[in-house]
Each structure stands twice: as structure tokens, then as C-alpha cells.
Amino acid sequence: MFSQFALHERLLKAVAELKFVEPTPVQAAAIPLALQGRDLRVTAQTGSGKTAAFVLPILNRLIGPAKIRVSIKAVILLPTRELAQQTLKEVERFSQFTFIKSGLITGGEDFKVQAAMLRKVPDILIGTPGRLLEQLNAGNLDLKEVEVLVLDEADRMLDMGFAEDVQRLVDECASRQQTMLFSATTGGSGLREMIGKVLVNPEHLQLNSVSQLNATTRQQIITADHNQHKEQIVNWLLANETYQKAIIFTNTRAMADRIYGRLVALEYKAFVLHGDKDQKDRKLAIDRLKQGGVKILVATDVAARGLDVDGLDMVINFDMPRSGDEYVHRIGRTGRAGNDGLAISLICHGDCGGPKKVKASGKAVGVKKKKTDAKGEKKKTGAKAPTKRKIANRPKTDALSLVSKDGMAPLKRRKPEAPAAE
Ligand code: AMP
């Protein structure tokens, strides 16, 4: 019960309004410590309810009568625009019975409109590092009175090259009293360094590890001979798996566009989301997916970071992610808030230990074509029928019996049950 926490009654009212009954494990662990003002380092995946775990204590600190605002009191930094937008919505939902005002600063939005919003001085500012820094450099942002700072998805911010920007913003919040750092993974040396610099005597709450992630998500791999074969498997999966909404991940924009084009040719209602898309396209894609008008999203990692879409129950890794962390983030799109999910990874011989750096065009950077597979065995010639391997508890399926025997001949599209309703 949320009433176990020493939260203001207006916040408990909002929690009840949202029909949150039981706190999630991360909330149960983090909220009492955060209410005490402790610095926290929390390892918890997206979908675990971590947003409420830091938002409720922040609101509890700031709650009070209506007053003229003179300074920003809390800052929440996130790696992507979508994640920042979702966090703003969550803050607004929890603060609906209070006078607390929040604002959003992300790239892709009008700079002057943002500056005008900043002049009104929100209590809580949510944003992505790049644009926040631009507003700071333009003299529009004063973080000197910030009391609480949250770095959400800190591991991802580092992956995306925001380390310096984040540090600069952290330094601006010089008089902060509390810092909370959340990451989906335990991270590497970069994260450890950041933790050492920004947190003071933090409590470390480790709510998950890679092996425990997504208990409700079944994970499978399907072996494929090459990309064309993968495309056939994707067609088969979309036509035959039972799902409400699906997301297909690729490592490159070029591949995302290619798959999107093929799905459109097959008359699927789909959207593509990657770094070349402007903010309007991204918003439209996510809104349509949320509303259910579109049921399939093809995306690169950066674009789909932090997506929280109800009913997203199938993730297909067309390309294997380049790191275990990325895999965790991707499959975290499904199986959220205890719902069932299915994560399927399509694997070619070159996917493991393959090139780390890939150009946006999809070509490897400075890596010659490999002649051996991941185990060092010589690549066998001739296409094989793909085999589907169970990673988690998954009932046996005859899925691949429908993929042509040589794994090559184009498959006829069968209308999928869920998307056929579109
Ligand atoms: P998050 O990990 O913060 O992105 O939360 C994932 C989703 O779970 C969001 O849609 C939240 O609104 C929802 N959620 C968070 N906490 C609870 C809770 N205690 N009960 C039910 N839903 C929750």
C-alpha cells in the first residue's frame, strides 16, 4: 500500500486516482530512502516503476501552498526526448492535486518558446542534456537553487556521449541537497566515474540484474542465414505470432528504412523511428502506436529508448544489439508492469563478435568480411532451415515449419490476427 510511505495526502490521492495499488519493488525500496533525502544509486530497468520512485519524493519535498516561483527546485535529466516527455506526463499525473509546476526542455522544440517557459520558472525541470545546456549557455536557465537532481537512465546518457554535458549541468546544480542516479544496468567505468563525482555517500539499490530482467518476457532466438532470410522470418512472425503491438529493432537507419518499406509494401500499417526523423514524425509515430492506429514500429535503439507503450508485447531484434546492455534496454520495451511479452532475436553467423562500428548506411567501419562464424568454425555453404531456440519458458511452436525449407523462397503473407483488424 502506498499509504505505508510518509507521503502527503494529495500525492496519495493522485496515486489512488492512477489506480496504483501496490508499490513496485523499486518503489518500496527507494521511496523511504529518497524521502529521507539520501543520495541514491538505483539499478532498475525501465518498466519497473522507477519514475514514481523518484518523482513522488521530489513532489513531497516541494509540496506546499501556491506561491510565486523564484527558482527551479528539481531537475530530471534523461537521454531522449520521448523519455523526457513520458516523465513529464508522469510528473503531471502525480502533481495534479498540487500547485507544483513542471516544464520540459528537449531538442526538436522551439527554443524561444522554451525560453519563455523558463522565464515562468517551473518548480521541476525535465529535459535532455544537449538542449538544457544550450538554454544554459544562452543565459535562459538558472540552476543555482536546484535542491534535487535526478539522472535517469544514466548509463544510456553516457552511451550516447552526454558525459560532458551531464557533468556541466551537474556542476551548475552546485547547491543541490540530494542526487539520485538511475540506470538499467550496472554500467561500466564511465558510470562508476560519474557516480563517484555526483553522488555523496549513496545508498545502492540493485533491483535487477540482466539475468533477472523481464521475468514476464519470453526470450527466443531464431537463427537465420542472411538478412534476406531474416526479412522472411519477420514477415512470418508478424503474420503468425499473436501480438497486440510489435517493435522491430535494427542497428542502422538504412536497415530500419528498408524493413519499413517492405512492411508498407505488404500493406502493414507501420511507422519507422530513427535519428533522421524530425520531432514531428517521432511524436506522430509514438502517438499512433499508443492509440493503436499503428501496430508495428521499426526503430533504431536511440529512437526507441524509454518507450512505454501499453500493449507492446513483441520485440523483434532484426539485428542483434551491440551490447548486452542494449539488449536489456530493447527487451525492456515489452513485459512492462507485469504484462507478458515476447522478445525474439534473429541471429546470423556474423552477428556475434561482428563489427562493433557500423555506418548509418549499414556498412561496417574498417572491418573486413569474416569467413568464420562466431565459434571460429568455417562457414558452411548452402542455406539451412532456421531453427528457433527457446531461451526462457516458451511452449514448443511449429513456427519454422512454415518458413520455406531452404529458408529462401519468399513467403506468402498470411494476415496476422491482431493487425488484420486495422
Ligand atoms: P516506469 O518504470 O517508471 O517507466 O513505469 C512503467 C509503467 O508502470 C508506467 O506506465 C507507470 O505508470 C506504471 N506503474 C508504475 N508504478 C506502478 C504501480 N505501483 N502500480 C501500477 N502501475 C505502475
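Values below: every heavy atom of this structure, side chains too, minus hydrogens, waters and symmetry copies. FYI, the numbering just counts along the sequence from 1. Whatever order the structure lists ligands and atoms in, that order sets their numbers, starting from 1.
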Enquirer: When you compare the side chains of T185 and D155, does any donor N or O come within less than 3.5 Å of an acceptor on the partner?
Expert: yes
Enquirer: At less than 4.0 angstrom from any non-hydrogen atom of E22, what atoms of ligand 1 do you find?
Expert: 18 (C), 19 (N), 20 (N)
Enquirer: Determine whether the side chains of Q167 and D171 contain a donor N or O and an acceptor N or O closer than 3.5 Å.
Expert: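 Yes, D171 and Q167 have a side-chain donor paired with an acceptor closer than 3.5 Å.
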Enquirer: Taking 4.0 angstrom as the limit and counting only heavy atoms of T51, give me the atoms of ligand 1 inside it, by number and element.
Expert: 1 (P), 3 (O), 4 (O)
Enquirer: If we set the cut-off at 4.0 Å for heavy atoms, which region of K89 has an atom near ligand 1: side chain, backbone, both, or neither?
Expert: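 Within the 4.0 Å criterion, K89 makes no contact with ligand 1.
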Enquirer: Is it the side chain, the backbone, both or neither of F2 that has a heavy atom closer than 4.0 Å to ligand 1?
Expert: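 The answer is the side chain of F2.
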Enquirer: At a 4.0 Å threshold, what atoms of ligand 1 neighbour a non-hydrogen atom of E90?
Expert: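 This gives 11 (C), 12 (O) as the contact atoms.
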Enquirer: Does either side chain, that of R61 or that of Q177, offer a donor lying less than 3.5 Å from an acceptor on the other one?
Expert: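 Yes, a side-chain donor-acceptor pair sits under 3.5 Å.
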Enquirer: With respect to I248, which candidate in L238, L346, D319 satisfies the side chain to side chain contact (heavy atoms under 4.5 Å, CB included) definition?
Expert: L238
Enquirer: As an exercise, identify every atom of ligand 1 less than 4.0 angstrom from a heavy atom of S48.
Expert: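 Reading through ligand 1 atom by atom, the close ones are 2 (O).
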Enquirer: Of the side chain and backbone of Q86, name the one, both, or neither that has a heavy atom under 4.0 Å from an atom of ligand 1.
Expert: neither
Enquirer: When you compare the side chains of Q114 and R131, does any donor N or O come within less than 3.5 Å of an acceptor on the partner?
Expert: yes
Enquirer: Output the list of atoms in ligand 1 that are nearer than 4.0 Å to some heavy atom of R93, sorted by atom number.
Expert: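 Counting from 1, the qualifying ligand atoms are 12 (O).
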Enquirer: Would you call the rings of F20 and F94 parallel, tilted or perpendicular if under 30° counts as parallel and over 60° as perpendicular?
Expert: perpendicular
